[in-house]
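Both ligands and their constituent atoms are indexed starting at 1 by order of listing. Any value given below was found using the heavy atoms of this structure, including those in side chains, with hydrogens, waters and symmetry copies removed. Keep in mind the model is a prediction, meaning the values are calculated, not measured.
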Amino acid sequence: MKLSGVGASEGVAVGPAFVPRTDRPEPQRTGIVEDEVGAELERFGDAVRVVAARISETAEGLRGSGNEDEAGIFDFHAEMAEDPELASAVEERVRNLESPEAAVLAAGEEYAVEFEAMEDEYLSARADDVRDVARQISAELMGRADSGFEALQEPSIVLAKSLAPSDTARIPKGLALAFVTAEGSRTSHVSIMARSMGIPAVVGVGDALSGALDAETVAVDGTEGSAITDPDPETVARYGELSQALAEERAALDRYRHAEARTADGRRIEVAANLGSASEAGGALEWGAEGVGLFRTEFLFMERDDLPTEDEQYDAYSTVARVFGGKPVIIRTLDVGGDKSLPGVDQIHEDNPFLGWRGIRMSLDTPDLFKPQLRALLRAAAHGNVKVMFPMVVEAGELRKANEMLAEARRELEEEGTGVGEIESGVMIETPAAAVCAAELAAEAAFFSIGTNDLVQYTLAADRGNERLRKLQGADHPAVLALIRQTCSAAQEANIPVGVCGEAAGDPQLIPILLDLGVTELSMAAPSIPKAKKVVSEWKRT
Ligand code: PEP
Ligand code: MG
C-alpha cells in the first residue's frame with residue numbers, strides 16, 4: 001500500500017513499523033468470577049513486574065546515552081508502576097470481581113485525579129504519567145505489550161496520527177528512522193524536528209494512515225513525500241539505490257559545507273543553523289553552520305515534567321555559546337502556546353491557541369518564568385556571542401517591556417556580583433503586525449529575524465499544521481513577500497541585519513527570492529546548510 005503526503009524532511013529509510021499506542025485501551029473483559037480472583041491477582045502482579053522492568057530498561061538505556069533528564073521521567077514511571085497504593089486499589093477492585101485490566105485503568109484514573117488536584121505544580125503535572133503507567137499495565141494484561149514510546153526498542157519507522165513536540169523529544173536518539181503522520185505540514189513541529197534530527201518524514205497522509213497501522217515494514221521517501229507498507233524486495237532495493245544517490249548528492253555538496261557563504265556578486269550572507277537543543281550544536285557546526293540563527297528554547301522546557309532552573313538554562317545556553325566560539329548564537333525566549341504546551345504552566349483551554357496566550361505575551365505576563373530565562377541568557381553571554389530574540393511580537397511596546405526586563409535582570413545580576421556578558425536583543429518578525437510596524441520595531445531592536453512559518457499562517461489565515469491547506473502554506477505568496485520586503489526595507493533604513501529563520505530559509509527555491517528582497521542571514525535545519533550555501537554562492541542581483 002502506498003501513502004502520499006508532504007515530503008517534510010528529505011531522505012529515504014526502510015525499517016520495522018512502530019505505532020505508539022497512546023490511546024486508552026478498552027478492556028476486553030470488565031468482570032471476572034469469584035474463582036478467578038487469586039489467579040487474576042497473580043496475573044496483575046506479573047504484569048506490574050514486566051512493565052516496571054521494561055520501563056527501567058528504557059531509563060538505563062537513556063542514562064547510558066547521557067540523557068539524564070529523560071531517564072528521570074522513566075524512573076518515576078517505573079516507581080509508579082510498582083506503587084503499593086495503586087496495587088492495593090486494584091486488589092480491592094479485583095476482589096470485587098472487576099477484571100484487573102479494567103481495575104488498573106479505573107484505579108489509575110482515580111489516582112491521577114488525586115495528583116491533578118495537588119497544589120504543587122510538579123506533582124499535579126504527574127497525573128498524565130500515572131495514566132500512562134496504568135495504561136501500560138492494562139495493555140500488558142491484555143497481551144498488547146506495545147504502548148507509548150517506552151516500547152520503542154529498535155530503530156523503527158514511527159507511524160502516528162500526529163506527533164507533538166513532547167513526543168518527538170522523548171524518543172531516544174537513533175531509534176526513529178523516519179516519521180509518517182496523518183496530520184501536519186512542512187512547517188508543523190514534527191517536520192521541523194525531523195529535519196533537525198536528519199531523518200526522513202512524510203506528513204499529512206490523512207486517513208490512509210489507518211490502513212497502514214498493521215504493516216510490519218515501511219519504506220519512506222521523505223523527498224517525494226510517500227511511504228510504502230510491507231515493500232517487496234525490488235522496492236527495498238530501489239530505496240537502497242535512492243539512499244546511495246542521496247549520499248552521493250550530499251558528498252558533492254561537501255565542498256560548500258565549511259565555505260564562507262558569499263553571493264556570486266560578493267555579498268556576505270551568513271548561513272546559520274536552527275537548534276532545538278544544546279546537544280545539536282556540535283552536529284550543526286559539522287554541517288557548516290556559521291552561527292545559530294534560532295535556538296528554540298521551548299524544547300528545553302518540554303523534554304521534562306518540571307521547569308528547568310535558571311542554572312540548568314544557563315548550562316544549556318552557555319554550552320551552545322562555547323561550542324560556537326565567537327560566532328553569533330541567537331537564543332529565542334520561550335515560545336509556547338499554540339501546539340506547544342508546557343508542563344507546570346497553567347495554560348487554560350483556548351479555542352484558537354495560535355491566536356492566544358503564547359510567546360512574548362505569556363513571558364511578559366509570567367515574570368517568574370521569564371526572569372530566570374533572561375538571567376540565564378545574560379550569564380551565558382559571558383561565554384560567547386549570545387543574542388536574545390523575542391517571539392510573537394505585534395507592537396513596539398512589547399519589545400520595550402521585554403528589553404526593560406532584560407535591563408532589570410542585568411542590574412540584579414550585577415548587584416549580586418554575578419558575571420554577565422554583552423547581549424544584543426532582536427525581534428522575530430512573524431506576525432503581519434510586526435512586519436507592518438517594522439520601522440517602529442527597528443528603533444528597539446538590534447536585528448530582525450523573519451519567522452516565515454508563522455508569518456505565512458497569520459498572513460494567509462491558514463493553519464500551518466492543516467494538511468488540507470497545503471496550497472496556502474508557501475512563503476512565496478505575494479502578500480507574504482510584500483511583508484518581507486517591507487521588513488527588509490525597514491532593517492536597511494535602520495542599518496540592522498535581517499535574517500530568516502522560518503523553514504523558507506532552507507528552501508533552495510525560495511533562497512534566491514529572499515536574497516533579492518534584501519535578507520542578510522539565513523537560518524535552517526543544519527543538514528540543509530551545504531545546499532543553501534551552494535545556492536547563495538550561485539546567486540547574483542540581476
Ligand atoms: C517561525 O514561525 O517561522 C519560526 C521560526 O518559529 P516557530 O517555527 O518555532 O514557530
Ligand atoms: Mg514562530
Side-chain angles (χ1 to χ4, degrees), residues 8-9 163-166 168-169 184-197 201 203 272-277 280 291-302 330-342 352-363 387-394 398 426-435 447-466 472-477 480-481 483-484 487 498-507 510-511 514 519 521-526 528 532:
S9 180
L163 287 169
S166 54
T168 49
S185 70
R186 251 193 87 76
T187 61
S188 47
H189 286 91
V190 55
S191 310
I192 293 172
M193 284 301 283
R195 285 194 288 274
S196 65
M197 290 160 85
V203 302
N274 291 350
L275 302 187
S277 76
E280 293 168 27
V292 175
L294 168 65
F295 180 5
R296 290 183 166 95
T297 59
E298 48 276 12
F299 294 108
L300 192 67
F301 288 67
M302 287 185 311
I330 300 179
I331 302 182
R332 178 174 75 184
T333 60
L334 190 56
D335 185 18
V336 288
D339 64 346
K340 306 163 190 162
S341 66
L342 182 64
N352 289 302
F354 276 108
L355 304 179
W357 194 59
R358 60 175 299 197
I360 195 70
R361 303 168 184 182
M362 179 194 277
S363 292
K387 301 167 194 262
V388 55
M389 171 160 82
F390 302 112
M392 279 298 288
V393 166
V394 294
E398 291 168 327
V427 60
M428 285 199 72
I429 305 292
E430 54 182 345
T431 62
F447 60 91
F448 285 161
S449 185
I450 303 173
T452 44
N453 307 339
D454 279 320
L455 187 60
V456 170
Q457 92 162 338
Y458 294 130
T459 305
L460 305 184
D463 182 342
R464 62 193 264 184
N466 185 336
L472 293 174
Q473 283 156 350
D476 55 352
H477 187 285
V480 176
L481 296 181
L483 291 173
I484 296 176
T487 305
V498 55
V500 174
C501 62
E503 296 309 303
D507 183 337
L510 294 177
I511 290 172
L514 296 174
V519 163
E521 183 238 30
L522 299 165
S523 190
M524 61 201 69
S528 306

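Side-chain contact between Y458 and L355: present, with at least one pair of heavy atoms (C-beta onward) separated by less than 4.5 Å. Contact of the R296 side chain with the N274 side chain is registered, since non-hydrogen atoms from C-beta on lie closer than 4.5 Å. Counting heavy atoms from C-beta on, the side chains of V427 and E398 never come closer than 4.5 Å. Counting only heavy atoms from C-beta outward, the side chains of M193 and F299 approach each other to under 4.5 Å.
Each of L460, L483, V456 was compared with H477 under the side chain to side chain contact (heavy atoms under 4.5 Å, CB included) criterion, and only L460 meets it.
Within the coordination shell of the Mg ion (ligand 2), defined by N, O or S atoms under 2.8 Å, D454 is present.
Below 3.5 Å of separation, one finds an N or O of R296 facing an N or O of ligand 1.
Every residue meeting the side chain to side chain donor-acceptor pair (under 3.5 Å) condition with Q457, not counting sequence neighbours, appears here in chain and number order: D454.
Of all the heavy atoms of L294, the ones lying under 4.0 Å from any atom of ligand 1 belong exclusively to the side chain. Neither the backbone nor the side chain of E503 has a heavy atom within less than 4.0 Å of ligand 1. Residue contacts with ligand 1, taken as heavy atom pairs separated by less than 4.0 Å, involve T452 solely via the backbone atoms N, CA, C and O. Counting heavy atoms under 4.0 Å from ligand 1, residue L455 does not touch it at all. Residue contacts with ligand 1 for M392 are absent, since no atom lies close enough (heavy atoms, distance under 4.0 Å).
A heavy-atom separation below 4.0 Å is not found between Q457 and ligand 1.
Taking every non-hydrogen atom of I192 and a distance limit under 4.0 Å, the qualifying atoms of ligand 1 come out as 8 (O). Residue C501 has at least one heavy-atom neighbour below 4.0 Å for each of these atoms of ligand 1: 5 (C).
Atom-to-atom distance recorded for T297:OG1 and M389:CE is 9.5 Å, nearest 0.5 angstrom. One finds the CG atom of L472 at 11.5 Å from the OG1 atom of T459 (value rounded to the nearest 0.5 Å).
If you look at E430 and ask which of its N, O or S atoms sits nearest the Mg ion (ligand 2), the answer is OE1.
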